[in-house]
Amino acid sequence: MHELKLKLDSSDKAKIFKMHKKEGDSVKKDEAIFEIETDKNNIQISADIGGIIESINVNEGDEVQADTVLALINEEKEASSDEKDSENKTEEEMVYKEEPGSKTVEEVKTSGKINEGGKFDIAILGAGPGGYVAAIKAAQLGAKVALVEKDKPGGTCLNRGCIPTKALVRSAEVYRILNGAEQYGCSIDGISFDWKKIQKRKDRVVNKLVGGIYHLLDSDNIELFNGKGTLVSPDTIEIEDNITLNADNIIIATGSESASLPIEGADLPGVIDSRMALELKELPEKMVIIGGGVIGLEFAFIFAAFGVEVTVVEYLDCVVNICDTEICQEITRIGREKGIRIITGARVNKISRGMDDSYSVSFEKNGNEEFVSADQILMAVGRKPLLTGIDADKLGLELNERGQGIKVNEKMETSMPGLYAIGDVTNKIQLAHVASHQGIVAVKNIMGEECEMDYNAVPSAIFTDPEIGEVGICEEQAKKDGFEVNTGRFPFAANGKALTVGSGEGFIKIVTEKETNRIIGASIIGVHATDLLAELTLAIKNKLSAEEVAETIHAHPTTAEVIHEAALDVGGRALHYKR
Ligand code: FAD
């Protein structure tokens, strides 16, 4: 008989708030049995094993404490063998089997073609969104392709970046909507979250996508070599256990890693990077995030949504300083309104550990020494190109200034013939879609199709709450670059769809070149901002004018109407807004 015990800190007290099961019910592993109320929040207590509930030792309203035996579960009498089977499988296996016709990771890995070495048209070092997309494109164009990856395919983006963070963003959004259900005329009692389940969902999303990549690589006959590769010459890669690959062309796509500040205390155990932040077993009460860039701010909104007391300490005068100034001001205002403490113009110079396992971050602001304490510190001060397996000096490979990444031209060629580099390792713009596009450009050039990167219309999506989207150049940058500009604006508060969704915060700003009225940039903060970028990216890429966008019919009611109205407003003729 299995005892389901309450896991709490020994000092914490709790009350049984709700019971989802009764004696005699069958229960699956991880299925909720109780909901308890603590000082901090409500927590679901789930079965740690599947079976039949033999007895329940508590009632609703009972006070309970750590180690109370809440229920006895008889695992012998488990409901059905199917359920037992599914419990024994790894999450990966369960997820891949959901897709008809798809294979498990192991099935794909052991499909028989792997790790033989040999000669290829194109070999790619690193299977992030740069490397694996380049591999697929190359295979589509008829090349024999090898892809070398020391970890799982998908790279930072899929395994420890874009996708897991956005899965957490979604859980935070669902939790926020549930808590605000009253405004939609809905009542929900006892709203709570279970961090472990949120993490599991995140992992399932990641695993499903990783499985998809294995499947794609397999279908395109791309040979995946699992191991750390070393570039020994512009046409040779050696993999860990002496496998040698030769290729007419090699593409370096080794990505980047978290940077850290060279300050005292940066290596203390409570100091984590974005990768560790995604794996937190439990939420801290207080967190200091050093760095208010895109990654730091996304985490700030995620953790704050789940009740963590978050402080962001930023060196510059504003957070997400890659954005239009008005957007920076708006997200700072909204962040503060949501309880995030944002300190700007602050130079962090030391992290120290207190007696009670708390940490203190000291910083200088306006000439004064100040500090803020927390039980976890997230270092989010940017990412640096990863040159593992690439000895640039030995190879004679030219790097960017101060060694910051591999130097490339617009065709993604390095200083060495036949050797290309793409993605974060080039330190151009560290975004997944840029890495993928650079990969396609590199492959097209290798395969004889002249092609160059154009960085004029690169969209940036920031998943704060509300979202931010930027593309092209913002108003200040345009002026700095010598453009005479016009702008068109529109608030989400005047957009019907935004109000039906319940998100009237934010605005859009379109920047045009005065002489031609051509759109050269756009900045958006508001609901769906990241999805709205697509139309503006297309407009900038194709040199469309504000009139051409304004003459285009936009569906009603959609948030895309803010683009239509802002384009009209460039000429002072917005229909639903007076300046
Ligand atoms: P990576 O994705 O880093 O892949 C490089 C791969 O190379 C890795 O799998 C690595 O294991 C492998 N590798 C390295 N060296 C070797 C070697 N010697 N041998 C074999 N394999 C090797 N970007 C966005 O566009 N949108 C977002 O929302 C977003 N969110 C992010 C959130 C976080 C927390 C982080 C950290 C990043 C985020 N990014 C986002 C950035 C994005 O993840 C990167 O720009 C993108 O992953 C870069 O792709 P890449 O292919 O150049 O490198």
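Whatever order the structure lists ligands and atoms in, that order sets their numbers, starting from 1. Keep in mind the model is a prediction, meaning the values are calculated, not measured.
Taking the six-membered ring where tryptophan is involved, the planes of F306 and W195 are perpendicular, since the angle between them exceeds 60° and thus also 30°.
In summary, the side chains of S523 and E326 do not present any donor paired with an acceptor at a separation below 3.5 Å, with no hydrogens or angles considered. Between Q199 and K196, the side chains place no donor N or O within less than 3.5 Å of an acceptor N or O (distance only, hydrogens not considered).
Around ligand 1 you find L125, G126, A127, G128, P129, G130, V148, E149, K150, D151, G155, T156, C157, R160, G161, C162, T165, K166, G227, K228, G229, A253, T254, G255, S256, S274, I295, R383, L386, T388, G423, D424, Q430, L431, A432, H433, A435, each with a heavy-atom distance below 4.0 Å.
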Would you list the atom pairs, donor with acceptor, under 3.5 Å between side chains in residues 451-459 and any protein atom, with sequence neighbours excluded?
from : atom 1 : to   : atom 2 : distance (Å)
D454 : OD1    : N456 : N      : 2.9
D454 : OD1    : N456 : ND2    : 3.2
Y455 : OH     : Q438 : NE2    : 2.8

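Remark: E401 pairs with no residue by the salt bridge (Lys or Arg N to Asp or Glu O under 4.0 Å) rule, at least two apart or across chains.
Legend: side chain to side chain donor-acceptor pair (under 3.5 Å) pairs involving residues 412-425, not counting sequence neighbours, sorted by first then second residue: S256-D424, N409-E413.
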